[in-house]
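The structure under discussion appears below in the form of structure tokens.
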Amino acid sequence: MKNDNFYITTPIYYVNDKPHIGHAYTTILADVLARYHRLINVPTWFLTGTDEHGQKVQRAAEAAGMTPQQQADDTVGRFQALWQKLEVTNDDFIRTTEPRHQVVVQKILQELFDRDEIYRDEFEGWYCVTCERFYTEKDLVEGNCPEPGCGRAVERITEPNYFFRMSKYQQWLIDYIEANPTFIQPDFRRNETLGFLRKELTDLCISRPKSRMGWGIELPFDADFVTYVWFDALVNYISAAGYLSDDEQFASLWPATYHLIGKDILTTHTVYWPTMLKAMGLPMPQTVFAHGWWLVGRDKMSKTAGNVVNPMEFADQYGVDAFRYFLMAEMSLGQDASFTEEAFIRRYNTDLANDLGNMLSRVTKLIGSYFDGVIPTPQEPGEAEALLRDTTLKAAEALVSSVERMRPDQGLHGLSAVVREANRYMEVRQPWTLAKDEATHADAGTVLYYAAEALRIVSGMLYPVMPGKMSELRSALGLLPGAPVFADLHEWGLLKPGAPIQKMKILFPRIQVPKSNDKAAVATDKPKAKPAAKPAPQGVSMIEFTDFTKVKLRTARVLEAEKVEGADKLLRLQIDLGEEQRQIVAGVALHYAPEALVGKTIVVVANLKPATIRKVDSNGMLLAASSGDQLRLITVDGDMPAGSSVG
Ligand code: MSP
């Protein structure tokens with residue numbers, strides 16, 4: 001029986017190299033799940049750590065001219081610094097070179113040896129140096145290592161060794177997996193393990209002669225050997241939890257709720273580990289969940305291809321929270337996902353800058369301008385309000401179930417949809433217009449209250465994914481920073497009318513994508529007006545196609561908008577044209593409030609000669625459709641980078 005605790009683990013990472021995005025992904029996923037369970041008041045324990053023994057580490061140390069221990073000490077710092085940077089809230093960090101782990105591994109080995117679960121034999125087999133595993137002739141794929149993603153040449157080795165009687169548990173394991181469908185997830189991975197178990201299971205070689213590879217935990221019953229790195233590493237999940245050292249802690253944590261792993265280490269976790277636990281007489285972890293791989297574009301990430309994404313640099317450049325959000329929203333658990341900077345920027349600009357950030361700045365600016373900076377009092381809700389309320393509460397529920405189903409990406413997409421819906425609600429209700437008229441001022445208050453409530457709930461639900469930014473967002477709404485109270489996220493109407501909101505800087509500044517795609521030039525935008533040249537308006541009636549091509553139409557994003565003093569119809573806009581920012585003057589003030597324009601992607605004539613209108617320089621012209629008294633801006637359907645050509 002599982003105790004009430006949520007105990008989640010990541011694989012422990014080899015210290016042969018610095019961390020990459022695959023490591024960051026699993027650890028952030030574990031962190032999101034841990035934070036989420038803490039939020040719902042489930043006692044939670046989150047373990048990560050490093051796998052410091054074995055050939056890989058020994059070889060890396062040799063190449064770096066260090067001892068394996070120095071190599072481990074050096075690299076473990078990089079992992080720990082990364083987890084700190086990425087706001088990872090692990091409760092424990094285990095290193096397999098720590099005495100607390102080594103002692104437990106040796107005790108287990110001795111006990112299994114005494115019970116004849118481990119025996120000595122002469123061994124001959126095919127050995128893959130990279131995977132550090134022996135294979136039988138039958139296992140090999142075209143004579144090479146059968147491990148998915150490896151396929152390297154194997155060596156024939158004969159030597160005495162120690163073996164764990166894994167084969168005797170084969171039928172038990174098959175029965176266990178079949179009787180416990182949630183033990184291995186997703187389902188297709190369970191089938192993969194069952195497929196593997198259709199072949200005859202051999203005993204597991206759990207030793208390495210020191211003469212060949214000395215970097216490991218010495219066998220307690222034979223000083224000429226060290227422990228095979230996987231037999232050592234898997235034990236971390238129980239040694240860190242207090243097995244054979246702290247019975248009370250162990251009883252409260254084991255069995256683990258989730259072992260999160262990548263798909264390449266499925267066999268070790270779903271065949272070796274359960275049989276080891278069975279031999280020790282311990283219960284099985286509840287679920288071993290194997291996620292897919294992050295590819296870079298369509299390619300495997302590899303040092304040789306030079307496409308390894310450095311999570312530290314990425315988070316430095318684009319922000320920790322946005323990085324966490326992207327990883328969680330982009331991968332559907334179980335499948336491979338593609339990581340590219342372009343995909344990151346697209347999602348960031350759409351979900352975070354355009355939708356969430358823009359929504360917050362609209363709401364806070366309007367409350368600041370028209371309601372003295374305090375949360376307005378809502379009136380009776382109309383249909384639109386009730387719809388927004390219901391959609392938001394439903395999305396909060398859906399996030400809960402998506403986390404339970406291990407599909408956080410789906411829950412996050414639901415929350416994004418709420419923000420888009422809330423922005424649309426604002427467009428339809430136009431609180432900036434309602435607020436100006438005394439008769440409808442209170443209605444504007446209702447709209448802003450409902451929009452702010454949607455933000456309160458969405459930001460609370462997003463807190464485990466983006467703790468830093470959501471804390472800032474919540475402070476802006478006058479809420480306490482830090483983790484929200486979970487029950488409050490399922491109740492509507494908790495923002496207190498009259499409570500002050502706070503001014504804040506742009507939450508997610510939009511990322512500019514330079515045309516050259518030059519990484520170093522990618523930067524966040526800061527609105528600035530450009531100096532202008534002198535006027536010379538021009539006009540044509542009927543034109544040839546070649547004439548039309550002379551007109552350079554471009555998409556532009558409105559960064560700032562304000563009224564031109566003394567001119568009822570004019571707005572002065574600061575716009576972002578991708579490679580430059582400009583000021584234009586537009587005669588749309590009777591149809592659009594300045595706040596309503598900020599964040600919109602419009603279409604402008606980019607090569608119109610500059611003009612001065614009412615003493616204000618204008619460097620281009622926006623396009624709008626008009627009919628009689630009506631006027632509507634030409635906007636772009638979907639998200640396009642600023643500066644995209646139109647025509
Ligand atoms: N030390 C072992 C695990 C022992 S657990 C008892 C190990 N370490 S590792 O550092 O090589 O890999 C750790 C994890 O990173 C694995 O789950 C692996 O699947 C994952 N990833 C490695 N490359 C990856 C991607 N490109 N994408 C996602 N995860 C990937 O294996």
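One-based numbering, in listed order, for ligands and for the atoms of each. Numbering starts at 1 and runs along the sequence shown.
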Going by the atom numbers of ligand 1, which of them fall below 4.0 Å from some non-hydrogen atom of H291?
28 (C), 29 (N)
Contacting atoms of ligand 1, where contact means under 4.0 angstrom from a heavy atom of M301:
26 (N)
Mind checking side-chain hydrogen bond (donor to acceptor under 3.5 Å, both in side chains) for E248 and listing every partner two or more places apart, or none if nothing turns up?
none
Checking heavy-atom distances from atom 13 (C) of ligand 1 to each of W230, Y13, F79, the winner is Y13
In terms of side-chain heavy atoms, does T227 have a donor or acceptor partner in D232 at a distance below 3.5 Å?
no
Listed partners of F326 passing ring pair (Phe, Tyr, Trp, His ring centres under 6.0 Å), at least two apart:
F339, F344
Test: K469 cationic atom under 6.0 Å from F508 six-membered ring centre, within 45° of axis
yes
Ligand-side contact atoms (ligand 1) for residue partner G262, heavy atom cut-off under 4.0 Å
17 (O), 19 (O)
For G292, counting its heavy atoms only, list the atoms of ligand 1 lying under 4.0 Å from any of them.
28 (C)
Shortest non-hydrogen contact from R407 to S332?
NH2-CB, 3.1 Å
Using 0.5 Å steps for rounding, measure from the CG atom of D91 to the CZ atom of F46.
8.0 Å
List the closest protein heavy-atom neighbour of atom 21 (N) of ligand 1: residue, atom name, distance to the nearest 0.1 Å.
H20 CE1, 4.1 Å
Which of the numbered atoms in ligand 1 are below 4.0 angstrom from a heavy atom of D51?
1 (N), 2 (C), 4 (C)
Given F323, which of F314, Y318, Y25, Y348 fulfils the ring-ring contact (aromatic ring centres under 6.0 Å, His included) condition?
F314
N/O separation below 3.5 Å, D264 to ligand 1:
yes
Per-atom contacts of ligand 1 with Y237, taking only distances under 4.0 Å to non-hydrogen atoms:
5 (S), 6 (C)
